[in-house]
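Please read the structure below before turning to the comments.
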Amino acid sequence: MTTSFDFFNYLDNELYCEDVKVKDIIEKVGTPAYIYSKNSILEHFIEIRNAFEDVSPLICFSVKSNSNLSICKVLADAGAGFDVVSGGELFRVLELGVSPDKIVFAGVGKTSEEIKYALENDIFMFNVESPAELANIDRIAGGLNKRGRVALRINPDIDAKTHDKTTTGKKENKFGIDFDSAGQLIKDIDNYKNIDLKGLHVHLGSPIYSPDPYVQSLEKMYKFLQESLEDNARKRIEYINIGGGYCISYTGENVKKPHDFAAEIIPVIKKLGCKVIMEPGRFIVGNSGLLVTGVTYVKTATWGKKFIVCDAAMNDLARPSLYDAFHRAWPVNTDVMMPEIELPGADRSANDRLELVDIVGPVCESSDVLAEKRWFPDVKEGGLIAFFSAGAYGFTMSSTYNTRPRTCEILVDCDSFSTIRRRETYEDLITGEKEFLDAS
Ligand code: LLP
């Protein structure tokens with residue numbers, strides 16, 4: 001039996017990550033655990049870089065998708081830059097020794113402290129999201145005797161046809177600056193004495209399954225540059241940052257690949273004549289990670305509904321409860337073949353090896369359902385289940401809700417594996433509170 005999903009393969013009824021049995025990792029580190037494939041991450045990074053090589057982009061990995069230091073180091077060593085959205089993310093990549101001229105900083109609410117921290121470290125560029133933020137960067141840069149290099153983040157009012165909660169380029173979204181305001185800012189740019197305007201930025205949302213919204217927004221940018229800006233202002237727009245959002249397959253179905261996006265996007269970039277920055281996150285790490293959970297109990301109600309209660313929960317993988325996101329799940333050890341493609345809601349009642357189940361966590365909320373109405377092979381208490389496509393926005397969105405220690409993270413490289421974040425302990429969870437007990 002050889003179903004495979006990216007660098008995760010079933011061989012003789014056992015799930016492997018690269019050349020390591022997932023079961024062997026879990027025997028050592030316990031559950032729940034995030035497990036990543038280093039070579040999958042590298043392959044995706046190289047795939048997107050090659051797809052766009054015609055325009056030699058600076059690829060800034062979006063740290064929010066997976067901020068583990070060792071993962072960022074794998075990408076830094078491969079030549080990636082980084083897209084950060086907080087002082088904390090900036091701290092992470094500076095700790096790694098990443099060259100500041102490969103760091104871009106986005107976000108609607110950068111605080112003065114964060115701006116100061118970024119300026120002191122000479123980051124490459126701020127993606128500025130409002131006139132007020134531009135004025136603040138100018139003021140702080142002046143005080144530090146530094147130059148603030150900026151791209152204006154445009155809100156192009158384009159629907160990227162993704163989940164409502166992860167759409168960022170429609171006019172009602174909080175992100176970016178509308179074209180008219182951006183035109184005015186550019187006209188007035190010389191009033192900002194400590195600012196170097198370097199480019200424009202756009203990020204439409206995530207995940208995006210078609211190149212069309214990228215092309216539409218870049219066409220709008222082109223029109224804006226041609227029609228709304230004077231020659232000398234246009235010349236300052238040296239960079240175009242086209243953001244992230246490139247999709248991955250969560251179901252095993254074929255989805256558009258970077259070269260499909262590149263084929264449509266590159267001609268418009270060439271028309272714009274700018275240097276390119278990209279900010280992919282999910283595409284690089286999404287399908288490079290699993291969340292592995294242990295089965296704690298199996299319970300079947302008298303009226304027939306079966307629950308598999310596992311030891312991972314919504315605090316470990318928030319996407320299903322937040323966005324109704326679909327993550328494939330399958331036992332780590334099973335003689336039932338994982339379907340090559342699994343679509344949400346597909347009917348597999350004809351297969352008598354499968355039963356309809358909800359896979360749930362122990363958190364005290366009815367939304368703590370990791371997989372709903374799935375046709376699933378028999379699993380026993382003590383068994384292991386893998387949730388696929390969990391490498392992006394998995395661990396980074398985890399919390400300690402219900403005072404649950406966060407999981408460990410493991411990186412596999414060919415036939416070896418190592419811990420890249422230890423499991424939190426109960427002590428970790430009360431550090432920061434304990435010292436105040438006596439005072440209260
Ligand atoms: N650039 C900017 C400015 C962003 O806001 C984001 C993601 C990215 C790049 C990277 O997008 P990616 O290539 O990873 O799609 N938590 C949600 C996703 C939120 C994305 C936020 N911004 C999820 O789990 O689906």
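Along the sequence shown, residues are numbered consecutively beginning with 1. Bear in mind that the values here come from a model prediction, so they are computed numbers and not experimental data. Numbering of ligands and ligand atoms starts at 1, following listing order. All values below were derived from every heavy atom in this structure, side-chain atoms included, with hydrogens, water molecules and symmetry-related copies excluded.
Lys187 pairs by the salt bridge (charged side-chain N to carboxylate O under 4.0 Å, His left out) definition with nothing, not counting sequence neighbours. For Asp159, there are no side chain to side chain donor-acceptor pair (under 3.5 Å) partners, not counting sequence neighbours.
Nearest to atom 1 (N) of ligand 1 among the protein's heavy atoms is Glu279 OE1, 2.7 Å. If you check which protein heavy atom lies closest to atom 12 (P) of ligand 1, you get Gly245 N, 3.4 Å. Atom 22 (N) of ligand 1 has its closest protein heavy atom at Lys64 CD, 3.6 Å. Among protein heavy atoms, the minimum distance from atom 24 (O) of ligand 1 is reached at Arg319 NE, 2.6 Å. With respect to atom 10 (C) of ligand 1, the closest heavy atom belonging to the protein is Ser62 OG, 3.3 Å. Looking only at protein heavy atoms, the nearest one to atom 20 (C) of ligand 1 is Tyr393 OH, 3.6 Å. Ranking protein heavy atoms by distance to atom 18 (C) of ligand 1, first place goes to Arg282 NH2, 3.5 Å. Ser206 OG, 2.4 Å is the protein heavy atom nearest to atom 15 (O) of ligand 1.
Using a 4.0 Å cut-off between charged side-chain N and carboxylate O, Asp212 and Lys256 make no salt bridge. Between Lys305 and Asp358 there is a salt bridge, with a side-chain nitrogen of the basic residue lying less than 4.0 Å from a carboxylate oxygen of the acidic one. Between Lys146 and Glu120 there is no salt bridge, since none of the side-chain N atoms of the basic residue sits less than 4.0 Å from a carboxylate O of the acidic one. Taking the charged nitrogens against the carboxylate oxygens, Lys64 and Asp83 do have a contact shorter than 4.0 Å, which makes a salt bridge. The existence of a salt bridge linking Arg406 and Asp428 is excluded, since no basic side-chain nitrogen approaches an acidic carboxylate oxygen closer than 4.0 Å. Remark: Lys220 does not engage Asp157 in a salt bridge, criterion side-chain N to carboxylate O under 4.0 Å. A salt bridge links Lys110 to Glu133: one of the charged nitrogens lies within less than 4.0 Å of a carboxylate oxygen.
Considering backbone and side-chain atoms together, Tyr323 places an N or O closer than 3.5 Å to an N or O of ligand 1. Considering both main-chain and side-chain atoms, Gly205 never comes within under 3.5 Å of ligand 1 through any nitrogen or oxygen pair. Checking only distances, Phe283 never comes within under 3.5 Å of ligand 1, N or O to N or O.
At a 4.0 Å heavy-atom cut-off, ligand 1 does not touch Ile208 at all. Proximity of Met278 to ligand 1, defined as any heavy-atom pair under 4.0 Å, is not found for any part of the residue.
The ligand atoms of ligand 1 that sit less than 4.0 angstrom from a heavy atom of Met397 are 16 (N), 24 (O). Heavy-atom proximity to Arg153, at under 4.0 Å, picks out these atoms of ligand 1: 3 (C). Every atom of ligand 1 with a heavy atom of Gly281 under 4.0 Å away is listed here by number and element: 12 (P), 13 (O), 14 (O).
Contact analysis leaves Ala392 out of contact with ligand 1, as no non-hydrogen atom separation drops below 4.0 angstrom. Heavy-atom separations between Pro280 and ligand 1 include at least one value shorter than 4.0 Å.
Other residues, nucleotides and ligands contribute at most 12 non-hydrogen atoms within 6.0 Å of the NZ atom of Lys38.
Screening Ile46, Ile248, Leu75 against Ile284 for a side chain to side chain contact (heavy atoms under 4.5 Å, CB included) leaves a single residue, Leu75.
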